[in-house]
Amino acid sequence: VAKAQGRAGVALFEQEVAQVAYDNLVLEGQLGQAIEQNEFTLLFQPQLRTSDQQIVGVEALIRWHHPERGLLAPDEFIALAEQHRLIVPIGQWVLAEATRCAQRWHAQGRAMTVAVNLSTLQFQAPGFVESIERLLRDAGLPTGWLELELTERMLMDDVPTVRERLHQLRALGVKLSVDDFGTGYSSLGHLKDLPIDKMKIDRSFVHELPQDRQSCAIARAIIELARGLGLTAVAEGVETGAQRAFLEAHGCHQLQGMGISPPLTAERLEAWLQQRAHPGA
Ligand code: C2E
Ligand code: MG
Ligand code: MG
Ligand code: MG
């Protein structure tokens, strides 16, 4: 009986593997058409500066309005897009859309940085720096509005090219931010030599503030490190008042998370900012 069940189990497992492979194939095909079909959208999550409680920036977060499956978060399609290099055109779409929104906010007199997440393939693609240069030139915005979020792993790859690209981006006036800091493998000695502007404390540490002693120690150490290096410390995934109080008390420069605002469509963001500036209205 056990043997029969084992065999049935293997067959079922193989069937599931085949199903997943098939689903991915279908999804990949649909992903390839999603730009033309206008199915992507960006949400923007506000970033609060603790010194004066102003919203000084937003992070752009992609969503896919899938025709049958509804709204998909990046975790459901970015890895697939990376496997098939579709991340390069998708990433270009994200940058173009983020720029359009930045132009609109600039015209409304809102000076906010717009942070865009990069994937490795996109950052390493030939002509990436040139494409950013063109985008900045055509955007006609004051320098410093664009921020690029990279992971520690991206900074550690193939060091000379990475360093050169980062310096070129920095020279263009782009701000560079290390995302999910504390979860990767970066060596501090190496980071010190890179032109980084911001460190984002990973939300896994933020989540456990202020009750978990280890997470408190790590969050404080990252804030201290950022401050010591002259960088901006940002906490991501800030949900509760207690987390916010801890981070503010320890000198974290900026906060981002549901406790400030969830990611919003461009329109809802504008309404939210308006409401925040004129609470009575
Ligand atoms: P990330 O860059 O670390 O983005 C922060 C994630 O935390 C977002 O998930 C955001 O919705 C979520 N978040 C915000 N506030 C809270 C909170 O208070 N609590 C918790 N638990 N989570 C919060 P999202 O939008 O699902 O994005 C996931 C990841 O996908 C991002 O992580 C980023 O690495 C990637 N991603 C998003 N947009 C893009 C994109 O345009 N291009 C690329 N290459 N990757 C993207
Ligand atoms: Mg990010
Ligand atoms: Mg992050
Ligand atoms: Mg994260």
Side-chain angles (χ1 to χ4, degrees), residues 31 34-35 39-48 55 57-65 70-102 113-125 128 132 146-155 175-184 186 196-209 215 219 222 232-244 247 252 254-266 268-269 272:
L31 196 53
I35 295 181
E39 290 168 359
F40 290 119
T41 147
L42 291 184
L43 297 183
F44 298 92
Q45 188 170 37
Q47 298 176 322
L48 176 109
I55 301 301
V58 290
E59 177 177 7
L61 297 161
I62 194 170
R63 295 292 181 269
W64 179 14
H65 284 284
L71 198 65
L72 299 185
D75 292 344
E76 298 174 84
F77 62 90
I78 289 290
L80 193 66
E82 276 168 350
Q83 278 166 37
H84 301 279
R85 290 204 145 260
L86 288 168
I87 195 65
V88 177
I90 293 172
Q92 281 163 349
W93 179 87
V94 170
L95 281 160
E97 180 65 14
T99 305
R100 277 191 289 276
C101 293
T113 57
V114 180
V116 169
N117 291 283
L118 292 185
S119 84
T120 309
L121 272 180
Q122 195 187 352
F123 179 62
Q124 290 177 347
F128 175 71
I132 294 291
L146 179 66
E147 193 170 290
L148 297 176
E149 296 197 0
L150 303 104
T151 60
E152 286 173 85
R153 186 182 290 261
M154 286 163 77
L155 299 178
K175 296 262 182 297
L176 301 166
S177 172
V178 191
D179 208 348
D180 306 334
F181 191 78
T183 59
S186 50
I196 301 300
D197 300 282
K198 267 191 182 183
M199 281 180 178
K200 296 189 78 174
I201 308 169
D202 190 67
R203 67 173 190 247
S204 58
F205 306 121
V206 175
H207 186 68
E208 298 183 322
L209 302 179
S215 290
I222 298 175
T232 302
V234 185
E236 63 173 29
V238 180
E239 293 177 353
T240 68
Q243 291 166 356
R244 189 166 166 168
L247 290 158
C252 189
Q254 293 181 17
L255 309 178
Q256 185 187 336
M258 302 294 270
I260 289 96
S261 165
L264 302 168
T265 62
R268 291 200 50 205
L269 173 74
W272 183 84

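These figures come from a predicted structure and were not determined experimentally. For ligands, and for the atoms within them, numbers begin at 1 and follow the listed sequence.
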When you compare ligand 1 with Ile62, is there at least one nitrogen or oxygen pair between them that comes in under 3.5 angstrom? yes
In terms of its nearest heavy atom to atom 19 (N) of ligand 1, the top option of Glu239, Met258, Gln45, Gln122 is Glu239
Inspect the contact between Glu59 and Lys200 and indicate whether a charged nitrogen and a carboxylate oxygen are less than 4.0 angstrom apart. yes
Using a strict cut-off of 4.0 Å, indicate which atoms of ligand 1 neighbour a heavy atom of Gly257. 15 (N), 18 (O)
May I ask you to check if ligand 1 and Glu59 share an N or O to N or O distance below 3.5 Å? yes
Enumerate the atoms of ligand 1 whose separation from the nearest heavy atom of Glu236 is less than 4.0 angstrom. 3 (O)
Among the N/O/S atoms of Asp180, the Mg ion (ligand 3) lies closest to OD1
Is Asp179 close to ligand 1, meaning an N/O of one under 3.5 Å from an N/O of the other? yes
Looking at Glu149, which of its N, O or S atoms is the nearest one to the Mg ion (ligand 2)? OE1
At under 4.0 Å between heavy atoms, is it the side chain or the backbone of Val94 that contacts ligand 1, or both, or neither? side chain
Return the option from Leu43, Asn117, Ile90 holding the heavy atom at the smallest distance from atom 46 (C) of ligand 1. Asn117
Glu59 backbone or side-chain N/O/S under 2.8 Å from the Mg ion (ligand 2): yes
Short N/O/S contact of Asn117 with the Mg ion (ligand 2) (below 2.8 Å): yes
Would you say Asp179 has an N, O or S atom lying under 2.8 Å from the Mg ion (ligand 2)? yes
Which one of Glu149, Glu82, Arg203 has a non-hydrogen atom at the shortest distance from atom 12 (C) of ligand 1? Arg203
Check Pro263 against ligand 1 and report side chain, backbone, both or neither, counting heavy atoms closer than 4.0 Å. side chain
